[in-house]
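Here is the structure we will look at.
Just so it is clear, the model here is predicted, and its values are computed rather than measured. One-based numbering, in listed order, for ligands and for the atoms of each.
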Amino acid sequence: MTAKDPLIIRDKDEMTKWSRFMKAQGSTIGLVPTMGYLHEGHISLVKEAQKHADLIVVSIYVNPGQFSPNEDLSTYPSNFEGDIDKLRSVHGGVDVVFNPFNLYDYGVGEGGETMKRGEEEKGEKVISCVESSKFGHETWIRVENLEKGLCGKSRPIFFKGVATVVAKLFNIVEPDVAVFGKKDYQQWRIIRRMVRDLDFGIKIIGSELVREHDGLAMSSRNVHLSPQEREKALSISRSLYEAKKAAENGERYCTKLRNYVAQTIQKAGGKVDYDEIVDQESLENVEVIQRPVVFCIAAWFGNVRLIDNMEINSLLFTKTKGKRRKQEKKVAIS
Ligand SMILES: Nc1ncnc2c1ncn2[C@@H]1O[C@H](COP(=O)(O)OP(=O)(O)OP(=O)(O)O)[C@@H](O)[C@H]1O
Ligand SMILES: CC(C)(CO)[C@@H](O)C(=O)[O-]
Ligand code: BAL
């Protein structure tokens with residue numbers, strides 16, 4: 001297998017020029033938006049994109065617009081050279097890495113009048129790092145209902161920042177297809193809704209969540225976990241698996257399942273931000289499972305906030321010779 005060096009494009013106008021040129025030659029373009037510090041979860045998105053498009057663009061950009069000033073923008077991990085090495089060795093390769101330097105580069109008004117930092121300290125308004133950085137950006141996309149729950153509660157500007165930067169990337173790269181990971185389940189749903197509501201004409205693909213060998217959901221932020229915190233964080237995926245199994249074996253009451261997961265994570269030393277069972281499409285809370293749902297979790301281990309989720313698609317009322325299949329291992333979730 002020969003390694004392929006991706007072309008690195010840093011200027012947004014050049015990115016658009018490249019895409020338009022390639023499309024004029026008849027090629028289709030698949031976009032994989034990332035914030036870098038790539039792992040196998042990201043690579044799985046690239047492989048998925050390869051199935052749907054001729055040419056692949058991976059964007060690497062830590063978007064200040066989705067971080068509040070009190071969040072971890074300044075410590076978000078990065079390793080650009082390492083990322084390029086990883087992409088170089090993907091079978092079939094990546095054509096472009098778009099690593100923009102001028103995504104919000106509009107200059108600063110006289111007297112820095114776009115500076116709003118301070119308001120959030122008075123508790124009046126939550127603003128994003130992009131607003132407090134004097135970039136002059138003031139246009140935002142909100143996906144009003146889907147962004148309200150789950151991560152939207154504890155990160156109130158997160159999804160407006162994500163939807164806006166993704167819309168910018170779509171306008172710059174002009175892809176035919178874009179791939180998002182179901183690890184960020186709410187994000188994937190929000191992007192799909194935005195694309196539908198604003199007629200982007202881009203196919204959005206949700207790619208399966210990739211886990212470490214021991215079940216931990218892969219995430220760039222895992223690098224900040226100490227070995228002890230990492231071990232404790234396994235309580236998330238383990239309890240989710242148990243809850244899924246219990247649901248499949250007939251436990252439909254969400255309160256029971258949620259309490260079990262929350263208690264397991266707390267016992268392991270984690271601090272639960274939310275644990276909710278929601279409808280896969282509307283992301284609205286479900287009390288009794290009667291249709292496909294997704295069990296979504298966010299929890300803190302030390303200073304690291306992790307998210308994970310598990311879809312529960314089929315309620316296993318499988319019958320063996322007329323009887324409900326006996327649970328091999330009784331799942332204690334009372
Ligand atoms: N384990 C994973 N499985 C599938 N997709 C993933 C996984 N981790 C990240 N992705 C997807 O990769 C894309 C880029 O995500 P991002 O660069 O923020 O990585 P991340 O690992 O989610 O980082 P973090 O959660 O620490 O911010 C998103 O669409 C995200 O859902
Ligand atoms: C979609 C995204 C690249 C937007 O900054 C980011 O939220 C991410 O990496 O999931
Ligand atoms: N993958 C989500 C990016 C973030 O947490 O900011």
Side-chain angles (χ1 to χ4, degrees), residues 30-49 57-68 70-80 83 86-87 97-100 103-104 128-130 141 143 147 150-152 154-170 172-173 175 177-192 194-195 204-225 233 236-237 273 296-301 303-311:
L31 172 65
V32 178
T34 80
M35 303 212 304
Y37 210 76
L38 304 181
H39 50 67
E40 282 305 310
H42 297 111
I43 301 305
S44 73
L45 306 188
V46 171
K47 290 180 180 159
E48 185 61 35
V57 177
V58 173
S59 64
I60 297 184
Y61 182 68
V62 184
N63 170 37
Q66 67 197 59
F67 288 81
S68 289
N70 62 347
E71 291 176 352
D72 59 346
L73 175 64
S74 61
T75 56
Y76 198 83
S78 83
N79 177 4
F80 189 72
D83 289 347
K86 286 209 175 89
L87 294 174
V97 170
F98 179 43
N99 177 225
L103 216 54
Y104 298 97
S128 79
C129 290
V130 91
I141 294 176
V143 181
E147 71 165 38
L150 304 173
C151 286
S154 45
R155 300 187 68 185
I157 60 97
F158 176 54
F159 288 116
K160 81 170 195 180
V162 167
T164 304
V165 83
V166 170
K168 281 167 74 67
L169 291 170
F170 285 174
I172 293 165
V173 178
V177 176
V179 183
F180 293 83
K182 289 202 208 170
K183 199 264 289 175
D184 299 78
Y185 203 91
Q186 187 178 15
Q187 170 172 283
W188 165 54
R189 287 299 190 201
I190 282 175
I191 300 302
R192 276 193 4 164
M194 175 187 83
V195 161
I204 302 299
I205 295 175
S207 199
E208 294 308 318
L209 192 160
V210 178
R211 298 181 180 280
E212 302 283 359
H213 61 95
D214 54 7
L216 187 69
M218 287 191 177
S219 167
S220 304
R221 287 185 173 95
N222 289 350
V223 70
H224 291 315
L225 294 167
I236 302 178
S237 54
D273 178 4
C296 297
I297 294 287
W300 290 88
F301 286 84
N303 294 324
V304 189
R305 183 175 174 278
L306 300 175
I307 60 171
D308 198 342
N309 68 75
M310 216 161 272
E311 286 178 332

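Ranked by closest heavy atom to atom 4 (C) of ligand 1, the top entry among Lys182, Glu208, Glu40 is Glu208. Across Ser207, Gly206, Ser219, heavy-atom proximity to atom 26 (O) of ligand 1 is greatest for Ser219.
If you number the atoms of ligand 3 from 1 as listed, the ones under 4.0 Å from a heavy atom of Met35 come out as 3 (C), 4 (C), 6 (O). Annotation for ligand 1: atoms under 4.0 Å from non-hydrogen atoms of Ser220 are 19 (O), 20 (P), 21 (O), 23 (O), 26 (O). Against a heavy-atom cut-off of under 4.0 Å, Leu209 is close to the following atoms of ligand 1: 3 (N), 4 (C).
Taking 4.5 Å as the limit, every side-chain heavy atom of Leu150 sits out of range of all side-chain heavy atoms of Phe159. Proximity of Leu306 to Asp308: side-chain heavy atoms (C-beta onward) are nowhere separated by under 4.5 Å. You'll find the side chain of His224 stays beyond 4.5 Å of the side chain of Asn303, heavy atoms only. Taking the side chain as every heavy atom from C-beta outward, Asp83 and Thr34 never approach each other to under 4.5 Å. Side-chain atoms of Val32 and Val57, non-hydrogen and from C-beta on, never get closer than 4.5 Å to each other.
Residue contact check for ligand 1: Tyr76 places a non-hydrogen atom closer than 4.0 Å to it. For Tyr76, the heavy-atom gap to ligand 3 stays at 4.0 angstrom or more. Proximity of Pro33 to ligand 1 is established by a heavy-atom distance of less than 4.0 Å.
Taking distance alone, with nitrogen or oxygen atoms compared against 3.5 Å, Met35 approaches ligand 1 more closely than that limit. In terms of N/O distances under 3.5 Å, ligand 1 is not approached by Phe180. Some N or O of Arg221 is nearer than 3.5 Å to an N or O of ligand 1, by distance alone. Considering both main-chain and side-chain atoms, Lys183 comes within under 3.5 Å of ligand 1 through a nitrogen or oxygen pair. Distances between N or O atoms of Arg221 and those of ligand 3 include at least one value under 3.5 Å. Geometrically, ligand 1 and Met218 share a nitrogen or oxygen pair separated by less than 3.5 Å.
The protein heavy atom nearest to atom 1 (N) of ligand 3 is Asp184 OD2, 3.0 Å. At the shortest separation from atom 31 (O) of ligand 1 among protein heavy atoms lies Asp184 OD1, 2.6 Å. In terms of protein heavy-atom proximity, atom 3 (N) of ligand 1 is closest to Val210 N, 2.8 Å. Of the protein's non-hydrogen atoms, the one nearest atom 29 (O) of ligand 1 is Gly181 N, 2.9 Å. Considering only non-hydrogen protein atoms, atom 6 (O) of ligand 3 sits nearest to Gln66 NE2, 3.0 Å.
Closest approach of Ala163 and Ile191 over heavy atoms only: CA-CD1, 4.4 Å. Contact record, Tyr37 with His42: O-CE1, 3.8 Å, taken as the closest heavy-atom pair. Closest approach of Ser44 and Ser207 over heavy atoms only: O-OG, 4.1 Å. Smallest separation of non-hydrogen atoms from Leu31 and Pro175: CB-CB, 3.7 Å. Between Ile157 and Gln66, the closest heavy-atom pair is CD1-C, 3.6 Å.
Using cut-offs of 30° and 60° for the angle between ring planes, the Phe67 and Tyr76 rings count as perpendicular.
Neither the backbone nor the side chain of Glu71 comes within 4.0 Å of ligand 3, counting heavy atoms alone. Contacts of Leu45 with ligand 1, taken as heavy-atom pairs under 4.0 Å, involve the side chain alone. Looking at His42 against ligand 1, only its side chain comes within 4.0 Å, counting heavy atoms. Residue-level proximity to ligand 1 for Tyr37 is absent, since no heavy atom of it falls below 4.0 angstrom.
For the atom pair CD1 (Ile236) and CD1 (Ile297), the distance works out to 7.0 Å, reported to the nearest 0.5 Å.
Remark: Asp72 CG is packed, more than 12 non-hydrogen atoms of other residues, nucleotides or ligands lying under 6.0 Å away.
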One pair per line, please: each N/O atom of ligand 2 matched with every protein N/O atom under 3.5 Å away, atom names first, then the distance to 0.1 Å.
unit_1, atom_1, unit_2, atom_2, d
ligand 2, 5 (O), Gln66, OE1, 2.7
ligand 2, 7 (O), Gln66, NE2, 3.0
ligand 2, 7 (O), Gln187, OE1, 2.8
ligand 2, 10 (O), Gln187, OE1, 3.4
ligand 2, 10 (O), Gln187, NE2, 2.8

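Under 4.0 Å is where a charged nitrogen must lie from a carboxylate oxygen, and between Lys182 and Glu311 at least one such pair does. A salt bridge links Asp273 and Arg305; the closest N-O separation between the charged side-chain nitrogens and carboxylate oxygens is under 4.0 Å. The pair Glu147-Lys160 does not count as a salt bridge, with every side-chain nitrogen at least 4.0 angstrom from each carboxylate oxygen.
Qualifying salt bridge (charged side-chain N to carboxylate O under 4.0 Å, His left out) partners for Lys168, counting only residues two or more places apart in sequence or in other chains: none.
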